[in-house]
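Each remark here refers to the structure printed beneath this line.
Atom set for the values below is all heavy atoms of this structure, side chains included, hydrogens, waters and symmetry mates excluded. Not measured: the values here are computed from a predicted model. The chains referred to below are lettered A, B, ... by the order of the sequence lines, with proteins before strands, and numbering in each begins at 1.
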Protein chains: 2
Amino acid sequence: MMDNTELSERKKKILRTVVEDYIETAEPVGSKTVAGEMEVSSATVRNEMAELEGLGLLEQPHTSAGRIPTAQGYRLYVNELMNRHRLSLEETEEINRSMKSRLTQLDKLLADAGQLASRLTDYPAYSLCAAPETATIVRYDLIYVDANTFIMVVMLSNSTVKNKLVTLPAKIEQETLQKLSTVFNASFTKITEDKITPSLISSTERALGDKLGLVAVAAGFAIETLMEAQRTQAYVSGASHLLLHPEYRDVGKAQRLMDYLSDGTELLKLPAPEGESVKITIGPENLREELQDSSVVVAKYDVGDNMQGLIGVVGPTRMDYSKVAAKLSYIAGSLGRIISGDNPRQLTDNNKET
Amino acid sequence: MMDNTELSERKKKILRTVVEDYIETAEPVGSKTVAGEMEVSSATVRNEMAELEGLGLLEQPHTSAGRIPTAQGYRLYVNELMNRHRLSLEETEEINRSMKSRLTQLDKLLADAGQLASRLTDYPAYSLCAAPETATIVRYDLIYVDANTFIMVVMLSNSTVKNKLVTLPAKIEQETLQKLSTVFNASFTKITEDKITPSLISSTERALGDKLGLVAVAAGFAIETLMEAQRTQAYVSGASHLLLHPEYRDVGKAQRLMDYLSDGTELLKLPAPEGESVKITIGPENLREELQDSSVVVAKYDVGDNMQGLIGVVGPTRMDYSKVAAKLSYIAGSLGRIISGDNPRQLTDNNKET
DNA sequence: ATTAGCACTCGACCTCTCTGAGTGCTAAAA
DNA sequence: TTTTAGCACTCAGAGAGGTCGAGTGCTAAT
């Protein structure tokens, strides 16, 4: 199909007009409409469009309808024809305002950023933050609360801190905690989750003379924390926005895509930008069946600590790539700055329950 | 409309048949179909149905279509006619299996339970857990990590524990932390968030000779934690399930409802069961515009600590109330047992970041 | 009180036609 | 050689009309 020789300027102009008009109206674009924006007649445009169709850049939904871009057409548009959309002052202000939340918890912040992205683009958005290497526990602290309650605090190598309130049926003394803490810091740090074996636990138990199952509880929490640190979660917002777009008028199609989006683990596998800051994947360029006729635009941001975050949206191939890319990239920048930059040591954590 | 005199047994039987058939098929039910399940002719059924229509319990989508139940019809069915659906062994087993997750974090557990509810019912589900009284901070602990890093741990009156990693540009000493901790435990406990005023902060700062803004950081975290403890969050799962049901074939309708669901804060306002364990709200009984032609079934569970949790689903008025109520109620029971019962002191918490 | 019978209603579905936007081709103009 | 005007052609979509059948309400007989 697509061949390497450059398109004539005129063909480019036509392709571009078709793409942009189609993005706006969702209706096939006819030669007359295109001619209206050029200095040639519709007949000439027709000839050119026929050739663009031959190159696999345009197609007709049916004979005697206007043309719409193919995935290849969009690709060429995105790579060469699209001009960078510049955000207006109001837009950047809105983003700044929305992002300057006092929320300092990472997950909330991510979820919020996704929501913002979704609202600004009218497409479903997702966001996630992944650590490339596996974390280990750096230190344990046990805080004595009362005779049968203590708080366990663990700090991970990626500077995450988690805690747990432990209530025991029996009484414990401060010294016991003290001892336990020392042992844990000696034997249960700097190891990965799979190294905490039942045999290690029981030998520690014996060495410590622990009859309350303290070691088991603590080790369990350690494992859980490590596992959770490894699992990256994706947040999805505004899935319902899909239904705003005519290409998802077909309920079955919308349903399938929404199901896919809500899976969470699936989203982690989506392509991430490599060199560039924004990656655009158009229709059939997606590997997943569910995304065959949808596009994904995703921006990355750095978080420090070798962590990398992504924020993206999913929508029909007829997507305003220029605007979406600009917005995502701005949000991503803002997010990166908030997390690792300006107020760097504010992120916190939380939680739970007797 | 509906009047207080009891319906004849036969009318009840007819109403019930119509409701159950309609729940199953989503098609208006004709007199012949109903007659098939009774010992009278279709003509008799027709007469009876006409009367039921007069009572406002049934209606016709158009002349010469079968009847469908009105909201009042469903209400009467739910109150008097419906027999308790009993879960099969497989069903209870599946629920038990799914709920016996090792996840001990409250929010994850809630989200999971919602997902389960959604999967089992094919309707969107939501879950939340609300504390009726406002929490206060019970104690502070500051853990020294290194010269410019410490972990702050606060415990709330509702037994929640939260922590935060604080990194300072300047060096601190253990004794400073010690002092800070004492001061905080003396002046910043047992108060609500609005009592932590700037003037209190600055006076404490002066008293302590704090030049690093330590007090401000700590107080900020305290406020944030208290605010977060107050805010209850609702988790929604399976919103896309809406599209499975023919009543939401109309994309606009589905879109509006899904938007409503994704708001989160709105869901907190939904009716909760009072005496009973399951509350059913049918169509126009809902106050919200968005729910006028949808029904909400919600079950409550107790968590101890005066906390109350809810788990519910939203769907079309044509909903299998019996089955849904049974499932929700079972899940709620299971949830309540996990959270406050069997392994009571396992819930933990988490997190974050340099 | 129930039921068989019957005329009637009306949505669902099919077919047919008409319309107009848009095409490709051809032949003339530049 | 490229562009353009002109024209015949195509086809989705909207609308009109027709048929079908499920379901009704009413009446008269049981």
Side-chain angles (χ1 to χ4, degrees), chain A residues 5-15 17-22 24-70 73 246-247 249-250 318, chain B residues 5-15 17-22 24-70 73 246-247 249-250 318:
Chain A
T5 55
E6 268 281 306
L7 293 176
S8 71
E9 278 309 310
R10 195 168 63 187
K11 281 206 181 56
K12 284 185 185 173
K13 173 100 191 261
I14 291 174
L15 176 57
T17 311
V18 171
V19 171
E20 290 177 354
D21 193 286
Y22 184 62
E24 195 174 337
T25 64
E27 298 287 329
V29 186
S31 55
K32 216 162 149 189
T33 316
V34 175
E37 314 236 313
M38 307 189 59
E39 278 74 50
V40 292
S41 75
S42 64
T44 311
V45 174
R46 273 202 293 285
N47 289 329
E48 296 279 57
M49 292 211 297
E51 289 184 46
L52 286 170
E53 183 162 356
L55 293 171
L57 299 170
L58 293 180
E59 66 185 333
Q60 295 180 282
H62 55 264
T63 339
S64 93
R67 302 302 208 290
I68 62 176
T70 62
E247 18 276 288
R249 208 77 68 70
D250 170 8
R318 178 186 67 82
Chain B
T5 56
E6 267 282 306
L7 294 177
S8 71
E9 278 310 311
R10 195 168 66 187
K11 281 205 181 57
K12 284 187 186 171
K13 173 99 193 264
I14 290 175
L15 175 57
T17 310
V18 171
V19 170
E20 290 177 354
D21 192 288
Y22 185 62
E24 194 174 338
T25 64
E27 297 286 329
V29 186
S31 55
K32 217 161 146 191
T33 317
V34 176
E37 314 234 313
M38 306 189 60
E39 279 73 48
V40 291
S41 76
S42 63
T44 311
V45 174
R46 273 202 293 284
N47 289 329
E48 296 278 59
M49 293 211 296
E51 289 184 46
L52 286 169
E53 183 162 354
L55 294 170
L57 298 171
L58 293 181
E59 66 185 333
Q60 294 179 281
H62 55 264
T63 338
S64 92
R67 303 300 209 288
I68 62 177
T70 62
E247 19 275 289
R249 209 77 68 69
D250 169 8
R318 179 186 67 82

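For the pair A:His62 NE2 and D:dA12 C1', the computed distance is 5 Å after rounding to whole Å. D:dT4 atom P lies 10 Å from atom CE of A:Met38, rounded to whole Å. As a whole-Å value, the separation of B:Glu27 CD from C:dA12 P is 10 Å. As rounded to whole Å, 15 Å separates atom C1' of D:dG13 from atom CZ of A:Arg249. Spacing between atom CD of B:Glu39 and atom P of C:dT3 amounts to 10 Å, rounded to whole angstrom units. Rounded to whole angstrom, the span from the CZ atom of A:Arg10 across to the C1' atom of D:dT4 amounts to 11 Å.
The side chain to side chain contact (heavy atoms under 4.5 Å, CB included) search around B:Glu37 returns B:Thr17, not counting sequence neighbours. Remark: A:Lys32 pairs with no residue by the side chain to side chain contact (heavy atoms under 4.5 Å, CB included) rule, at least two apart or across chains. Shown here are the salt bridge (Lys or Arg N to Asp or Glu O under 4.0 Å) partners of A:Glu247, two or more places apart in sequence or in another chain: A:Arg318. With sequence neighbours left out, B:Glu39 forms a salt bridge (Lys or Arg N to Asp or Glu O under 4.0 Å) with no residue at all.
Listed by first and then second residue, the salt bridge (charged side-chain N to carboxylate O under 4.0 Å, His left out) pairs involving residues 43-58 of chain A are A:Arg10-A:Glu48, A:Lys11-A:Glu48, A:Lys11-A:Glu51, A:Glu53-A:Arg67 (not counting sequence neighbours).
Across all their heavy atoms, A:Ser31 and A:Ser42 have their closest contact at CB-O, 3.7 Å.
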For nucleotides 20-30 of chain C, give me one character per nucleotide, 5' to 3': B if any protein heavy atom sits under 4.0 Å from the base, S if the only such contacts are to the sugar-phosphate, - if neither.
-BBBB------

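Of the side-chain N and O atoms in B:Thr44, one or more sit less than 4.0 angstrom from OP1 or OP2 of C:dT3.
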